[in-house]
Amino acid sequence: MQLSASQITEYERDGFLFFPGLLDSDEVALLQGAMPSILSRSGNEIIREKEDPTSVRLAFGAHSYSEPFRRLSLLPRIVEPMKQLLGEDVYLHQSRMNPKQGFGSGQSWAWHQDYSAWNVVDGMPEPRCVMVAVFIDDCTTAKSPLLVIPGSHRDGFLDDVELHQDADGYSLYQLDQETFVRLADEYGIEPLVGPAGSVCFCHSIVVHGSANNVSPWRRAIMYLIYNAVSNACTNGDRPWFQNNRDFTPLTAIDDEDLRRLT
Ligand SMILES: O=C(O)CCC(=O)C(=O)O
């Protein structure tokens, strides 16, 4: 898939591009089918909700231990636009699954830019990476969708941020209230909603957050973080599943390869 000139302009203006149903129902079923084995892991790549430790908050690195998710991360539908947006070869800096379980156990995410941790902790030189959000479940307004501030990336990297220990092993650099109010008043807040299989390409400094999921339904999103190879991280303190040290350029597989697992 190649992005058109107007899509690239839209990405530069809003900081994200949304594709409803980019994956078909067979592909979604394969990814959903892999969820139980991901969520039943017990290694330190699994971060639990503070309020409900039976519930997984984040599963890092699933592209490396789940074949459907490995294939997802290499689909040309995703990899080729990444190269276009970043203007060069890319590698996967990180993947994380946020299952956002229902009944309130999937807790909120304070307003932040993802790039903060990658810059401060991992030594990523520039915000030249893209967060790809793949909807594993339907994301409706009732399931506390991901909320973005469109255009907020144009204000640049907000480095005056406070470290907030959100859950064991996962630090979040959260925006101060004054900055958040200024950005929200200027640009508004948009919920990302769509059926399972929808995909959003989101700039790494777009401000985003979400509320507790008080619905009875899971709302899983897989986040794949693609970085430009020339923007590779310089620090290696965090484990591989948070800061991949293999900067080999990705080679896309065949667009049918995920479906072939059916
Ligand atoms: O999926 C969500 O609700 C928010 C996750 C998020 O903000 C993040 O992983 O950076």
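Whatever order the structure lists ligands and atoms in, that order sets their numbers, starting from 1. Remember, it's a predicted structure, so these values are computed and weren't measured experimentally.
Between Arg154 and Glu12 there is no salt bridge, since no side-chain N of the basic residue sits under 4.0 Å from a carboxylate O of the acidic one.
Of the possible polar contacts, none joining the Gln94 side chain to the Asn243 backbone as a donor-acceptor pair under 3.5 Å is found.
Taking Phe16 as the reference, nothing meets the ring pair (Phe, Tyr, Trp, His ring centres under 6.0 Å) condition, with sequence neighbours excluded.
Residue contacts with ligand 1 do not include Met131, since none of its heavy atoms lies under 4.0 Å from the ligand.
In terms of N/O distances under 3.5 Å, ligand 1 is approached by Ser210.
Stacking of Arg96 on the aromatic ring of Phe60 is not recorded, the 6.0 Å distance cut-off and the 45° axial limit not both being met.
Each of the atoms 1 (O), 2 (C), 3 (O), 4 (C), 5 (C) of ligand 1 lies under 4.0 Å from some heavy atom of Asn98. Residue His112 has at least one heavy-atom neighbour below 4.0 Å for each of these atoms of ligand 1: 6 (C), 7 (O), 8 (C), 10 (O).
The option from Lys100, Arg96, Arg219 that lies nearest to atom 9 (O) of ligand 1, judged by heavy atoms, is Arg96.
Using a 4.5 Å heavy-atom cutoff, the side chains of Met82 and Tyr91 are not in contact.
Contact annotation: for Asp114 versus ligand 1, heavy atoms closer than 4.0 Å belong to the side chain alone.
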